[in-house]
Amino acid sequence: LGIAALIAFLLVLVILFLYKKLHGAKRSRKNLETAYNQLESDATARERKESEDRIARDIQLAMSPRELSPHKHLTIAATPLSEQNTDSGLYELAMTGPDQLLFCIADASSNSDVHASLATALVKAQFRSLLCVENDPQRIISAINEAMAPNKFAPVTLFVGLLDLAIGKLRFSNAGHLSPLIAGSR
């Protein structure tokens, strides 16, 4: 009876040991599956963000202002703050007379760079369409606001100015945008 009890006891220990190993392996497999699924989800989110950044950058590049013919009183330069920054800002300008420069500076903010870029693209389209009929900065901002307000676009800040290059007078209207930096020899 003593040997049989010892063998039965050892057999129970072996069975318990194997059960714990098997249960631990199942738990490890489940933990590994969870970690793999999280890694896959993170990779998908990162790829989606990188794709959105590329699309937003393409929209911004497509909206770059066209070149103005040289003017004796004017030099215009713009530089993105970072090549990596998608930046949803834009500027647009047009000569509305021999010495009249009408321009806008806009920026949008959104959780999505694509939405922000599309909002600034719509502002640019509105501004371009108003050039033919309006040159008052306040009325331009009001018209753009009326066109954008009914829709659920990203919030946009906007600065519109009319610069008389002959006398250096600037008429402007600002809708929440940081004031532009004006540099010159005066």
Side-chain angles (χ1 to χ4, degrees), residues 46 48-186:
R46 189 172 39 257
R48 182 179 301 118
K49 176 69 174 138
E50 288 170 0
S51 176
E52 274 194 13
D53 288 349
R54 275 191 306 277
I55 291 167
R57 220 176 346 268
D58 289 347
I59 292 169
Q60 290 301 117
L61 287 174
M63 291 190 325
S64 296
R66 55 197 159 61
E67 294 293 320
L68 276 182
S69 46
H71 190 279
K72 62 184 175 188
H73 299 295
L74 178 68
T75 302
I76 296 177
T79 304
L81 296 177
S82 165
E83 291 285 327
Q84 303 301 321
N85 187 7
T86 305
D87 190 20
S88 60
L90 79 87
Y91 72 97
E92 182 61 53
L93 37 101
M95 297 300 295
T96 59
D99 288 324
Q100 301 286 309
L101 173 70
L102 186 63
F103 65 95
C104 78
I105 304 168
D107 195 20
S109 61
S110 174
N111 291 337
S112 165
D113 291 336
V114 172
H115 292 149
S117 291
L118 290 173
T120 53
L122 290 169
V123 167
K124 178 179 178 166
Q126 290 291 323
F127 179 77
R128 299 291 307 160
S129 70
L130 290 166
L131 287 176
C132 305
V133 295
E134 188 59 67
N135 70 354
D136 179 78
Q138 178 59 48
R139 282 188 258 178
I140 290 172
I141 284 181
S142 293
I144 291 172
N145 187 51
E146 285 177 30
M148 302 275 294
N151 303 303
K152 301 287 187 216
F153 293 110
V156 177
T157 62
L158 181 60
F159 183 98
V160 175
L162 177 63
L163 179 61
D164 185 323
L165 298 168
I167 62 173
K169 180 181 177 185
L170 174 65
R171 287 182 29 223
F172 69 90
S173 187
N174 190 348
H177 199 282
L178 296 173
S179 297
L181 175 65
I182 302 172
S185 59
R186 292 184 193 174

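Since this is a predicted model, take the numbers as computed values, not measurements. The first residue of the sequence shown is numbered 1, and numbering continues consecutively from there.
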**OP:** Nearest 0.5 Å please: distance from the CD atom of E92 over to the CD1 atom of I105.
**Re:** 11.5 Å
**OP:** Could you tell me which residues satisfy salt bridge (Lys or Arg N to Asp or Glu O under 4.0 Å) with R139, sequence neighbours excluded, listed by chain and number?
**Re:** E134, D136
**OP:** Apply the side-chain contact (heavy atoms from CB on, under 4.5 Å) test between L158 and each candidate in I144, N174, I140; give the one that qualifies.
**Re:** I144
Side-chain polar contacts of residues 160-167 - donor-acceptor pairs under 3.5 angstrom, sequence neighbours left out - could you list them?
residue, atom, partner, partner atom, Å
D164, OD1, A166, N, 3.0
D164, OD1, I167, N, 3.4
D164, OD2, Q100, NE2, 3.1

**OP:** Check the pair S142, E146 against side chain to side chain donor-acceptor pair (under 3.5 Å), reporting the backbone distance first and the verdict last.
**Re:** CA-CA 6 Å; S142 293; E146 285 177 30; 5.6 Å; no
Could you tell me which non-hydrogen atom of [X] sits nearest to which non-hydrogen atom of [Y], and how far apart they are?
X: A119; Y: V156; value: CB-CG2, 3.9 Å
X: I141; Y: S173; value: CD1-O, 3.1 Å
X: R128; Y: L93; value: NH1-O, 3.7 Å

**OP:** Take T157 and S109 through the side chain to side chain contact (heavy atoms under 4.5 Å, CB included) test and state the conclusion after the steps.
**Re:** CA-CA 9 Å; T157 62; S109 61; over 6 Å; no
Subject >> 4.5 Å side-chain heavy-atom contact, F172 and F159 >> reply: yes
